[in-house]
Structures are given as C-alpha cells and as structure tokens.
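Below is one structure, written out as structure tokens; the observations come after it.
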Amino acid sequence: MKRREFLAGIAGTLALPVAAFADDEVLDPLAAKVANGAPVRKGKVKIVLPQLADNGNSVPIRITVDSPMTAADHVKSIHLYSERNPVSNMANFYLGPRAGKAEIDSRVRLAGSQKVTAVAALSDGTFWYDAAPIVVTLSACLDES
Amino acid sequence: MSRAVLAVALLAFAAAAQAQQRAIPLDQIKSGSAFLGQDLRSLQNDDFANPGMLWVERGETMWRDPAGKSKQSCASCHQDAKSSMRGVAARYPKIDTASGKLLNLGSRINACRVDHQGAEPFRHESQELLSITAYVARQSRGVPVAASIDGPARAHFDAGEAAYRLRRGQMNLSCAHCHEANWGKRLLSETVSQGQPNGYPAYRMEWQTLGSLQRRLRACLSGIRAEMLPYGSPEYVDLELYLAWRAQGLPIETPGVRR
Amino acid sequence: MAARIQIPSQAKQGEVVEVRVLIQHPMETGYRHDDVGHLIKRNVIKVLSCRYNGVEVFRADLSSGIAANPYVQFYTVADKSGELEFYWIDDEGKQGSERQSIRVT
C-alpha cells in the first residue's frame, strides 16, 4: 500500500468515532420506524437526561414537547428509544388534548453509555424528535449482581 | 479536695481517651448520601418518589394490623408511631433488658411480635420485616444517631470494633482499610464512602429494592471474597453497634437511597 | 400491588394539574439470574392507564427499559370533580388499580 493511501486510511478511521458521537442530527433508525416512512424532523421535543448516570438501573428522564395541546393541535404520543438496550422501544406515552401539557417524567434503565431518542407524533400527522447522549458506568441489564 | 481533683482528672482523661478512639472525628463524619450524585440525593429527599417509601407505606398499614394470638396491633400499645417511635431507631442496636441480648431494630420488632403479640417472627430480609422496620425507622428521620455503648453494651461494642478491624476474605481486607483509611478516594468509577449506617433500611439501586444493613454488610463481605455469615448472626449486630457509635450524630435518613 | 398517587386534592376548572404515580413492581427484565444460575423470567408492567371520570386521559406502554418500582409523572386538565382511576397490568396478567378523588371548583 502506498504511504499516501495508508495515511488517508488512518485519517478516515480516526474521523469515524468522533462523527458517531456527535451525531444527534442522525435519527436512530429504530426510532424512525414510528413514523412509518414519514419524515421525522428534529425539534419541538426536548429530552432532559443527566450527562452522567449515577446508576444505570434508574436514570431520571423528562421529555417535553412544545405544543398548545388543544383539540386542533396536540401531541398524540411520545415514543422513547434506546440505541443499546436489549429492548430498544423503552416506552410509549399516549396523550391528547386532555393532557394540557406534553411533559412526561420517568426513570429508565440504561444498559451502557448511549443515545436516547424521543419521537413525538402530532395530531397534524407530523413527527418530531430529540436525542440525548448519556454516559453510564454501572449498566442495567448487563452488570448483574 | 485533692481526691476530687484526681477523680475529675481521671474522668477527663478517660473521656479524652474515648474521644481518641475515633479514627474519623465526629466533625468529619459523612452520611452515604454525601457520596451520591445530585440525582440520587434528590430522589432520596423526594418524599413521594423515593422508592423506599413504598415499603414505609406498607409498614404504616402493618402497624395497624392485629397480629398473632393476641389480635393486638402495634398501634394497640404504641398508638401513633409518629410520636411514640420518634427517636427510637436512633438508639439501636440496644441491649434488650428482658433478654439481656443486643438487638437491632428488626430483632426488637420481632421480639415484640413473639413476646407481646403471640405471633411468629418475620423472616430475615422478608418484605414484611423490611416494611415495618423502614416504617419505624422513618419516624426518626432527622434524629441524630445516639446508640449507647455503656454497661452490658460495651462488650458488644468491643467485639464489633474487633470485627471492623479484622482482615478477612481472599482479599485480606478489613472494613477499616477502605472506609477508614481510604474513604473519599476513588475505587474504579466510584468514591469510597465512610460506610455509615444511618440510611438503612435503604433502597439500593444495585438491588433495585429495599434492603437491610445486614444485607449491605453481606454484600461488602462478598465483595472482598469473604464468607458471608447468615442473616441474624450476633457478629453482625455487634458490628452494627460499632457502626452506630461511629455514626454518632449523623441524622437518620431511612429510607435512604444508595447506589 | 402497592402504589402511590399524588394529585392535588383540589384544582380550578381548566387548571393543568401534575399527576405522579409510583408503583411497587420489580419490573423483572428477564436478563437476571438467580442464586443457582437460572434465568429469572421477565415480568414487567406492560400497560399503565389513567381514567378521569371514566375517560382515558393517559396511557403508557412500559417495558424492561423502565426502572424497577416504576415512576411516571404526567399532566391532565382539571375538568370536573370526581375520580382519577389508575389501572396497570403486568406480563403475568396481574392487575393493579388505585384511585384518588379530585375536587374541581
């Protein structure tokens, strides 16, 4: 292999992990399935997740969707996805105009450092998402005791 | 006059000697909650969402349930736990005057069941025992730990201290090696705590349930590859008394949340 | 199944109220092993539903990805005085329920 090609090859492999880590612009393909082919845009949804989990067995999460929650314009459902857990679809929450506010708090299990994605299905047929990274040192599911 | 002065001097010397025994001075002791991340500390302080409260609530129901041949409930004698049980957990382990034995809170509750209610004792680490113990201890939340090591308790305290300093297991470590000599330092991704007992029974994330102090001690023994004594062993209770003395002044945090 | 519900005891008509639920359940993942090495069967609460005076105002599909002793907080509009009823069912078919009254002025 010529030296130039070799160096280009190394540069390529060095670039890959960095891009993967900072890619919340790329939607988790499993989460995209919720939309059944329709476009899923980034926005309206906000995930609040700690940057570092105390313990992967119970991590607090808050998902908020910017919506007036009226009969004409509301969030129908929010779908939570993990990119590394053995079960990728963590939870689905079904709301509607009677919710008044599209905000859910819960505590989740995370099997390792990863990106968590929330997809919201709105009453107008559109889909929106947010993704948040988290570092987990004590993993759920995998670190047994 | 001189004899009195001598007596006072001797007492002061004894008190000073007592104080010198503390490897971690009282003004430096820290609860396990000080070693938690912000998130778990907030969870412990959330009176609704703290998962340990599920057991406390069950304990509250049990407090009013008639039990055993007596058909008496805890409330029949002790009335409202909020007042009658306030400060109780902070004084345990304690010598039971009737039997002369050193009992921790769970064993004391079982002794009440057997002696006064004509009921079967709850099994060690059972959901029932954990619930009622957590409920009673919860009534002392905020009360400083104040176990006595005077009189007949002294022998148990000495045995507990010896157990604390005994090297054991495949790793040949004593409790003191981590929790006295190296607390505050990192062990892999965790910070070593002082190993204080004031949050127990506690909801431990690793167990994903509420557990007793003895369960935690057994986990420590397992961690250093030492033999785990069976639940209820007197060695554990002696050690619990030593730990309570070591934690003197720390507020009871039951139900604590721990990793 | 023990559960704790927290809602305000009273609210004004149209007010958006916070609803908090904490259910005692191991949410067994199905990935853990017992003391002799056998896999402990998965058993999680799969559906949690909240009905306000009989009308479902919230539902959640849960999985092993939700922590043990599941905690959920959501919102609902204070509509009329009455009851919020919570229902849940786990993989073994065990059902749980809890209810709490709300006064709406």
Side-chain angles (χ1 to χ4, degrees), chain A residues 30 34 48 53-65 67-71 74-111 114 116-118 139-145, chain C residues 6-7 11-23 25-35 37 39-40 42 44-80 84 91 104:
Chain A
L30 292 166
V34 173
V48 179
D54 257 342
N55 188 295
N57 276 313
S58 178
V59 184
I61 188 168
R62 168 171 289 180
I63 310 137
T64 312
V65 186
S67 164
M69 295 305 277
T70 59
H74 57 266
V75 175
K76 290 198 305 193
S77 56
I78 301 173
H79 307 262
L80 202 57
Y81 279 85
S82 153
E83 72 174 346
R84 282 187 72 179
N85 282 5
V87 174
S88 48
N89 183 198
M90 302 169 80
N92 302 318
F93 302 99
Y94 301 92
L95 305 176
R98 290 200 60 167
K101 187 171 165 187
E103 186 172 285
I104 305 284
D105 272 31
S106 187
R107 299 193 72 98
V108 295
R109 282 194 180 112
L110 294 171
Q114 59 182 289
V116 175
T117 306
S139 295
C141 307
L142 312 173
D143 288 346
E144 228 185 290
S145 64
Chain C
Q6 189 179 77
I7 55 172
K12 288 204 196 20
Q13 229 261 345
E15 194 183 327
V16 176
V17 300
E18 185 185 86
V19 181
R20 308 177 85 191
V21 186
L22 179 69
I23 306 171
H25 194 284
M27 298 296 276
E28 197 57 69
T29 60
Y31 303 109
R32 296 201 314 159
H33 297 83
D34 63 18
D35 289 345
L39 203 62
I40 305 171
R42 173 195 152 112
V44 303
I45 290 177
K46 37 187 193 176
V47 184
L48 165 66
S49 152
C50 175
R51 283 179 225 166
Y52 187 161
N53 288 336
V55 177
E56 186 176 85
V57 293
F58 175 79
R59 195 171 81 252
D61 300 329
L62 305 178
S63 75
S64 51
I66 297 297
N69 300 300
Y71 170 75
V72 182
Q73 178 181 303
F74 59 95
Y75 292 84
T76 197
V77 179
D79 171 48
K80 281 200 268 290
L84 266 75
D91 287 331
V104 181

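Order of the sequence lines sets the chain letters (A, B, ...), proteins ahead of strands, with each chain counted from 1.
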Contact winner vs chain C - Gly96(A), Pro60(A), Pro86(A), heavy-atom pairs under 4.5 Å: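 If we count pairs closer than 4.5 Å to chain C, Pro86(A) comes out on top.
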
Identify which of Leu110(A), Asn92(A), Leu80(A) forms the greatest number of heavy-atom pairs closer than 4.5 Å to chain C.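 Most heavy-atom pairs within the cutoff with chain C belong to Asn92(A).
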
Chain A heavy atoms under 4.5 Å from [X]: which part of the residue, side chain, backbone, both or neither?
| X | value |
| --- | --- |
| Val17(C) | neither |
| Ala78(C) | neither |
| Val16(C) | side chain |

Tell me, do [X] and [Y] make a side-chain contact under 4.5 Å, heavy atoms counted?
| X | Y | value |
| --- | --- | --- |
| Phe58(C) | Val19(C) | no |
| Met69(A) | Lys101(A) | no |
| Cys50(C) | Leu84(C) | yes |

Given a strict heavy-atom distance threshold of 4.5 Å, which part of Ser58(A) is in contact with chain C: side chain, backbone, both, or neither?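 When you check distances to chain C, atoms from both the backbone and side chain of Ser58(A) fall under 4.5 Å.
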
Is Arg59(C) close enough and on-axis enough to Tyr94(A), meaning under 6.0 Å and within 45°, for cation-pi?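 Judged by the rule, Arg59(C) and Tyr94(A) form a cation-pi pair.
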
Looking at every non-hydrogen atom in both residues, tell me the closest pair between Ala91(A) and Ile66(C) and how far apart they are.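 Heavy-atom minimum between the residues: CB-CD1, 3.9 Å.
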
Among Ile40(C), Val44(C), Asp91(C), which one satisfies side-chain contact (heavy atoms from CB on, under 4.5 Å) with Glu28(C)?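 It is Ile40(C); the other options fail the test.
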
Best-contacting candidate, Ser64(C), Ser49(C), Gly14(C), against chain A by heavy atom pairs under 4.5 angstrom: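 Ranked by heavy-atom pairs under 4.5 Å with chain A, first place is Ser64(C).
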
